[in-house]
Colleague: 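My questions will all concern the structure given below.
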There are 2 protein chains.
Amino acid sequence: MAEQSPPETDRSGRDKRLGLLIWYRISRIYNQSLKETGRHLKQWSISPAQFDALAQIGAHGRLSQQQLADKLFVTKGNITQLLSKLEESGLVKREQQWKTKYISLTEAGKELFDGAVPEQEWFQASQFDALDREEKKQLLALLKKIQH
Amino acid sequence: MAEQSPPETDRSGRDKRLGLLIWYRISRIYNQSLKETGRHLKQWSISPAQFDALAQIGAHGRLSQQQLADKLFVTKGNITQLLSKLEESGLVKREQQWKTKYISLTEAGKELFDGAVPEQEWFQASQFDALDREEKKQLLALLKKIQH
DNA sequence: TAACATCAGTTTAATCCTAAACTGATAAAA
DNA sequence: TTTTATCAGTTTAGGATTAAACTGATGTTA
């Protein structure tokens with residue numbers, strides 16, 4: 001009986017090891033990529049978080065702060081502080097309507113958006129150029145599956 | 001001539017989009033996983049960063065601060081602060097030898113290590129259980145390739 | 001209309017992290 | 001032996017982020 005059943009504990013042990021290795025890889029890739037992104041963005045004097053906000057606002061036009069928070073998967077408290085700095089730098093403006101504040105890009109913000117976003121996105125994407133098109137598709141499919 | 005050459009600009013455009021989608025996925029998976037990890041670790045009143053440090057120290061025994069920093073891919077300044085808290089909590093101790101400080105777990109640290117590490121690693125790994133063994137291997141191989 | 005609930009945004013205190021300047025000890029070279 | 005370089009760790013200032021408490025306006029209901 002025992003000989004015929006698959007080595008369950010062993011298999012789950014190996015699976016645990018695999019899962020852990022994946023986690024550490026992802027963690028390193030993410031943090032490395034973030035660091036390089038930060039370096040690359042220095043030419044426009046903005047941070048990765050600021051870039052993400054600008055890209056969303058630029059792409060969607062008028063957004064409330066809560067909507068922006070949802071798109072970026074961060075808290076509204078974070079958005080308040082992020083926007084304070086972007087407003088100070090003259091890149092975005094806030095307009096209150098009823099109890100909602102709508103955010104949009106200023107002229108300077110649009111200029112930065114047009115200049116920085118395409119190049120930065122190209123840079124971001126190029127970090128995966130060790131993979132060919134087929135491999136990228138595979139990777140994306142696997143990543144999607146993780147989030148069921 | 002034109003008809004026979006592959007649509008280069010188009011292809012690289014699609015590749016850029018794929019690369020970007022991968023980046024956003026990885027970013028979301030990482031941040032989600034980190035948040036859930038934090039929630040799970042609350043039962044031992046430690047943070048993900050503290051857990052990682054304890055796991056390394058527990059696994060490797062005596063380590064200098066610089067060695068620990070290298071293993072965790074963070075700065076030594078960060079380690080100084082991380083260890084201050086772990087020392088305060090009585091989980092690790094530092095012993096100076098020559099100009100190097102060697103870190104090791106206290107009894108309380110070892111106890112926490114034995115209790116928390118296996119369970120936490122299991123939890124961590126289980127976040128990828130939507131993938132079967134073969135898919136995990138594939139994913140890991142692709143991730144490795146990214147870092148060439 | 002007065003009391004209450006809801007909801008957007010703000011504030012506060014905390015954690016994690018970095019870069020850069022600093023300290024102090026060892027080692028090497030003049 | 002004095003000077004200089006190197007190297008481990010610390011400190012400091014600042015950025016990004018969160019959770020939780022707070023503010024103030026709008027809407028609902030008794």
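So you know, we letter chains A, B, ... as the sequences are listed, proteins then strands, and number each from 1.
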Colleague: May I ask you to decide whether A/Lys85 forms a salt bridge with A/Glu88, counting only side-chain N to carboxylate O separations under 4.0 Å?
Modeller: no
Colleague: Quick one: closest heavy-atom pair of A/Asp132 and A/Glu134, and the distance?
Modeller: OD1-N, 3.0 Å
Colleague: Rounded off to whole Å, could you give me the CG-to-P distance for the B/Leu41 and D/dT18 pair?
Modeller: 18 Å
Colleague: Mind checking B/Lys101 for me? I need base, sugar-phosphate or nothing, with any heavy atom below 4.0 Å counting as a touch.
Modeller: sugar-phosphate
Colleague: Which part of the nucleic acid, if any, lies within reach of B/Ser47 when heavy atoms closer than 4.0 Å are counted: base, sugar-phosphate only, or nothing?
Modeller: sugar-phosphate
Colleague: Take the protein atom CZ of A/Phe73 and the nucleotide atom P of D/dT18, then report the distance between them rounded to whole Å.
Modeller: 12 Å
Colleague: Counting any heavy atom closer than 4.0 Å, what does A/Thr100 reach on the DNA or RNA strands: base, sugar-phosphate only, or nothing?
Modeller: sugar-phosphate
Colleague: For B/Glu111, I'd like to know if atom CD has over 12 heavy atoms of other residues, nucleotides or ligands within 6.0 Å.
Modeller: no
Colleague: Closest nucleotide of DNA chain D for B/Gln66 versus for B/Gln81: which of these residues is on the 5' side?
Modeller: B/Gln66
Colleague: Which ILVMFWY residues are connected to A/Trp122, directly or by a chain of links, through side-chain heavy atoms under 4.5 Å apart?
Modeller: A/Phe123
Colleague: Distance check needed: D/dG15 P versus A/Leu34 CG, whole Å only.
Modeller: 16 Å
Colleague: In this structure, how many angstroms lie between the C1' atom of D/dA16 and the CG atom of A/Leu86, rounded?
Modeller: 13 Å
Colleague: Using whole Å, what does the distance between atom C1' of nucleotide D/dT18 and atom CD of B/Gln32 come to?
Modeller: 16 Å
Colleague: Using whole Å, report how far CD1 of A/Ile79 lies from C1' of D/dA19.
Modeller: 16 Å
Colleague: Relative to each other, are the rings of B/Trp23 and A/Phe128 parallel, tilted or perpendicular (30° and 60° limits)?
Modeller: tilted
Colleague: Of all the heavy-atom pairs spanning B/Ala53 and B/Leu86, show the shortest one and how long it is.
Modeller: CB-CD1, 4.0 Å
Colleague: How would you label the contact of B/Arg39 with the nucleic acid (heavy atoms, under 4.0 Å): base, sugar-phosphate, or nothing?
Modeller: nothing
Colleague: Taking atom P of D/dC7 as reference, at what distance in whole Å does atom CD of B/Gln96 sit?
Modeller: 18 Å
Colleague: Quick test of your reading of the model: are B/Lys136 and B/Asp129 salt-bridged, counting only N-O distances below 4.0 Å?
Modeller: yes
Colleague: For chain B and DNA chain C, what are the first and last nucleotides along the strand, 5' to 3', with at least one atom under 4.0 angstrom from a heavy atom of the protein chain?
Modeller: C/dC16 to C/dA19
Colleague: Nearest-nucleotide wise, let me know which of B/Val74 and A/Leu63 is further upstream toward the 5' end of DNA chain C.
Modeller: A/Leu63
Colleague: OP1, OP2 of D/dA16 versus side-chain N and O of A/Asn78: anything below 4.0 Å?
Modeller: no
